[in-house]
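Below, read A as the first sequence line, B as the second, and so on, with proteins coming before strands; counting in each chain starts at 1. Keep in mind that the numbers below use all heavy atoms, side chains included, and drop hydrogens, waters and symmetry copies.
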Number of protein chains: 2
Amino acid sequence: MNEPSPPSLGFLLRNAYAALAEHVYGQLPDRGFPEIRRAHSSLLRHIAPGGSRLTELAAAAGMAKQSMAYLADDLTALGMLEAVPDPRDGRARLLRLTARGRKLYETLVALSAEAESRLEAELGATGIAALRHGLTQTIARFPPGLG
Amino acid sequence: MNEPSPPSLGFLLRNAYAALAEHVYGQLPDRGFPEIRRAHSSLLRHIAPGGSRLTELAAAAGMAKQSMAYLADDLTALGMLEAVPDPRDGRARLLRLTARGRKLYETLVALSAEAESRLEAELGATGIAALRHGLTQTIARFPPGLG
DNA sequence: TCTGGTTAGTCAGATTGCCTGACTTCTATT
DNA sequence: AATAGAAGTCAGGCAATCTGACTAACCAGA
């Protein structure tokens, strides 16, 4: 009931992420992508234009390949992703966006940009830059696997 | 493999939160609280000194009371929390921190403060203020349940 | 004072988003 | 060839939520 006078940075970060994600992903149903969930972004954010391997995507997102496989299966079932054999390695498949998947990707980019420019109207260009810088430094200063 | 030139704000927010949370919660085992997980913060952040009701905590954290009950059971089993009947309402229980729970709470506050001051050394007081302001505005500008 | 609506919490069950371990298949190196 | 390692699959598990249905208790009004 009583949030301590200055809310902790962790609290702010968590809620800011939740608010922004809700804003962006909450609009997807209206844009024709009702089945896309937040978790899918772990794949969508990292997929290369020419296609990517499952293992690459898992490494880029920092998750187990089994977890990425689950997301890939999902997006494939939704018609956003297709898998073709990698001609350079018989074990591997290349995952790439279908036409509809590219549309989804572009929609997400556009919604993100719209949200950011809305925020920029509030904070100004310097404010946004400071926010980005602060976040980037937070990531850099607290690397995974350190005390 | 190729993070697009400016990483999206969502990406930054998610990773900054993850990095900070990992930093803080990763130190808890060394501080004598090996069983505390991130989810517990949803309860710990909102509990009042004199004790809080389950329903209050759930509302403050924005989650279902059943979910908060799960966290409360957990913290109770770990000896951090105890429940006493609310003298003012026979249906309700007051949840409050035990001595060990208060120690945990103080440890979390200290670790948070330490992390923030480390970041302040990097960003300066103005940088931290700008970061906080940006996050606060993000939360305010993208309220739950809106397009 | 009974009664009906509301609130506090519990019970049961489901889902999402991850995880680990064990395995197969293929590649590449020796 | 033989074998080590990498790509991906299969099976299973767990954490952190959710919804729906319920009981017990409180409270306001007839």
Does anyone know the first and last nucleotide of DNA chain D in reach of chain B, 5' to 3', at under 4.0 angstrom to a heavy atom?
D:dA15 to D:dC26

How does protein reach along nucleotides 2-16 of chain C, written 5' to 3' as B (base within reach of a heavy atom under 4.0 Å), S (only sugar-phosphate), or - (no contact)?
-----BSBBB----S

Just how far is it from atom CG of B:Leu119 to atom CD1 of B:Ile128, taken to the nearest 0.5 Å?
4.0 Å

A:Arg14 and B:Tyr17: side chain donor to acceptor below 3.5 Å
yes

Counting only heavy atoms not in B:Arg141, do more than 12 fall under 6.0 Å of its CZ?
no

Electrostatic pair A:Lys65:A:Glu56 at N-O distance under 4.0 angstrom
no

Using a strict 4.0 Å threshold on nitrogen-to-oxygen distance, state whether A:Glu116 and A:Arg132 make a salt bridge.
yes

Any chance the side chains of B:Glu114 and B:His23 put a donor and an acceptor closer than 3.5 Å?
yes

Note: A:Asp86-A:Arg53 ion pair, threshold 4.0 Å (strictly below)
yes

For the helix from C:dT1-D:dA30 to C:dT30-D:dA1, how many degrees between its two end axes (five pairs per end), to the nearest 10°?
10°

Does a donor on one side chain and an acceptor on the other come within less than 3.5 Å for A:Glu122 and B:His133?
no

Under 4.5 Å between any side-chain heavy atoms of A:Tyr70 and A:Asp73, yes or no?
no

